[in-house]
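Notes for the one structure printed next.
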Amino acid sequence: IFFRLSHCSALFSYHSKLVADHPYGSAWYEWPFIRMPLLYVFDNVSSTNCSCASCFGNPVIWWPGAFCVLYMFHRFINKKDGKAAFIAISYAVSLIPWMYVTRVTFIYHYFPCSLFLILATGYTLQLIQQKFQKGKYVVVGYCTLAVLIFFLFFPVISGIPLNRSLGLLFLRWVKSWVLL
């Protein structure tokens with residue numbers, strides 16, 4: 001146990017004291033809203049096509065998920081919901097250490113939190129389905145939209161060549177996104 005605690009302390013010390021800057025860096029409070037994806041690699045395949053691999057979450061999952069996490073905190077505090085407590089506390093434990101890191105951070109640091117964000121969304125959808133008669137249509141619609149958006153963004157997360165102007169037209173939803 002001592003080795004593990006000292007190892008964690010060394011990791012935190014490294015991350016909290018490193019001085020660096022990067023154009024794709026983003027702060028912890030920007031991650032749920034995908035302000036700045038991380039562009040791993042870019043290649044001009046032809047005069048009109050390019051290939052790239054970017055790192056960011058599915059907007060249909062992350063954007064509503066941020067509000068679902070807040071809803072989990074509400075259910076935990078006001079309704080004493082045990083499932084919501086687990087999700088809210090796990091999310092907080094994953095995110096809070098990054099609030100104290102002053103060095104440049106990237107959106108991939110949010111990936112552990114995104115697991116609990118997905119759980120928060122799933123639990124919220126379950127509650128919607130239970131409470132509303134047509135709630136299952138909301139669940140099916142949401143899941144269908146999430147899958148469609150995954151396939152829409154697949155070329156820019158996988159490196160599949162894509163027409164540059166088409167990609168910019170359909171995939172740059174936020175001005176700060178550099179995907180192509």
Side-chain angles (χ1 to χ4, degrees), residues 24 26-40 51-99 105-163 165-180:
Y24 296 117
S26 58
W28 64 268
Y29 50 84
E30 298 171 329
W31 298 336
F33 305 105
I34 317 172
R35 191 194 73 75
M36 180 56 72
L38 178 61
L39 182 62
Y40 284 133
S51 174
C52 65
S54 299
C55 174
F56 64 104
N58 185 329
V60 173
I61 294 173
W62 281 24
W63 290 343
F67 296 102
C68 292
V69 166
L70 293 175
Y71 181 59
M72 292 299 108
F73 279 101
H74 162 75
R75 287 192 63 87
F76 165 45
I77 294 166
N78 297 324
K79 301 196 183 256
K80 310 298 185 232
D81 183 336
K83 292 177 186 176
F86 170 77
I87 295 168
I89 292 169
S90 298
Y91 180 87
V93 165
S94 299
L95 185 61
I96 288 173
W98 290 105
M99 294 177 184
T105 54
F106 302 95
I107 197 164
Y108 60 75
H109 292 120
Y110 188 66
F111 283 0
C113 299
S114 69
L115 299 173
F116 301 107
L117 179 135
I118 291 167
L119 286 175
T121 304
Y123 187 43
T124 301
L125 288 171
Q126 180 186 20
L127 294 171
I128 288 170
Q129 185 177 1
Q130 291 171 351
K131 184 170 183 169
F132 299 103
Q133 186 177 10
K134 296 192 179 199
K136 71 177 181 178
Y137 298 113
V138 172
V139 173
V140 169
Y142 174 80
C143 291
T144 302
L145 184 60
V147 169
L148 289 174
I149 295 304
F150 168 77
F151 283 112
L152 179 69
F153 281 97
F154 189 72
V156 296
I157 62 175
S158 67
I160 293 175
L162 177 70
N163 182 284
S165 57
L166 188 65
L168 288 172
L169 181 66
F170 288 110
L171 301 178
R172 192 168 187 195
W173 293 3
V174 177
K175 190 176 181 177
S176 63
W177 288 6
V178 181
L179 302 176
L180 300 175

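With Trp28 contributing its side chain and Leu95 its backbone, the two residues share no donor-acceptor pair below 3.5 Å. Side-chain atoms of Glu30 come within 3.5 Å of backbone atoms of Ala27 as a donor-acceptor pair (strictly under, hydrogens ignored). Distance alone, capped at 3.5 Å, is enough to place a donor-acceptor pair between the Lys80 side chain and the Ile77 backbone. Looking at Trp63, its side chain does come within 3.5 Å of a backbone N or O of Phe33 through a donor-acceptor pair. Here the side chain of Trp177 pairs a donor or acceptor atom with the backbone of Ile34 at under 3.5 angstrom. Judged by distance alone, with hydrogens and angles left aside, the side-chain atoms of Arg172 form a donor-acceptor pair with the main-chain N or O of Lys175 at under 3.5 Å. The main-chain N or O of Met72 is never found under 3.5 Å from a side-chain atom of Asp81 such that the two would form a donor-acceptor pair.
Taken to the nearest 0.5 Å, the OG atom of Ser114 stands 11.0 Å off from the CG atom of Asn58. Rounding to the nearest 0.5 Å gives a distance of 10.5 Å between CG of Asn163 and CZ of Phe170. Of the inter-residue distances, the one linking Ile118 atom CD1 with Cys113 atom SG reads 11.5 Å to the nearest 0.5 angstrom. Taking NZ from Lys83 and CD from Gln126, the interatomic distance works out to 5.0 Å, rounded to the nearest 0.5 Å. Here the OH-CG distance, from Tyr24 to Leu38, works out to 8.0 Å after rounding to the nearest 0.5 Å. In this structure, NE2 in His109 is found 10.0 Å from SG in Cys55, a value given to the nearest 0.5 Å.
Across every non-hydrogen atom of Leu179 and Leu39, the tightest pair is O-CD1, 4.0 Å. Pairing each heavy atom of Phe73 with each of Ala88, the nearest pair is CZ-O, 3.3 Å. Closest of all the heavy-atom pairs between Ser176 and Met36 is O-CE, 3.4 Å. Contact between Trp62 and Gly57 at its shortest, heavy atoms only, is CE2-CA, 3.5 Å. In this structure, Leu171 and Leu162 approach most closely via the heavy-atom pair CD1-CD2, 3.7 Å. In this structure, Leu119 and Ile87 approach most closely via the heavy-atom pair O-CD1, 3.7 Å.
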Derivation and outcome, side chain to side chain contact (heavy atoms under 4.5 Å, CB included), residues Tyr40 and Ser54: CA-CA 5 Å; Tyr40 284 133; Ser54 299; over 6 Å; no
Derivation of the side chain to side chain contact (heavy atoms under 4.5 Å, CB included) call for Phe150 and Ile157: CA-CA 9 Å; Phe150 168 77; Ile157 62 175; 3.8 Å; yes
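Using a 4.5 Å heavy-atom cutoff, the side chains of Tyr142 and Val140 are not in contact. Between Leu127 and Arg75, some side-chain heavy-atom pair lies under the 4.5 Å cut-off. The shortest distance between side-chain heavy atoms of Tyr71 and Thr121 does not fall below 4.5 Å. At least one side-chain heavy atom of Ile149 sits under 4.5 Å from a side-chain heavy atom of Pro59. Side-chain atoms of Val156 and Phe56, non-hydrogen and from C-beta on, do get closer than 4.5 Å to each other.
Every residue was checked against the side chain to side chain donor-acceptor pair (under 3.5 Å) condition with Ser51, not counting sequence neighbours, and none meets it.
In Tyr29, the OH atom is not crowded: 12 or fewer heavy atoms of neighbouring residues, nucleotides or ligands sit closer than 6.0 Å. Within a 6.0 Å sphere centred on CZ of Phe111, heavy atoms belonging to other residues, nucleotides or ligands number more than 12. Counting heavy-atom neighbours within 6.0 Å of Gln133 CD, excluding the residue itself, gives a total of 12 or less.
There is no side-chain donor-acceptor pair under 3.5 Å between Trp98 and Thr105.
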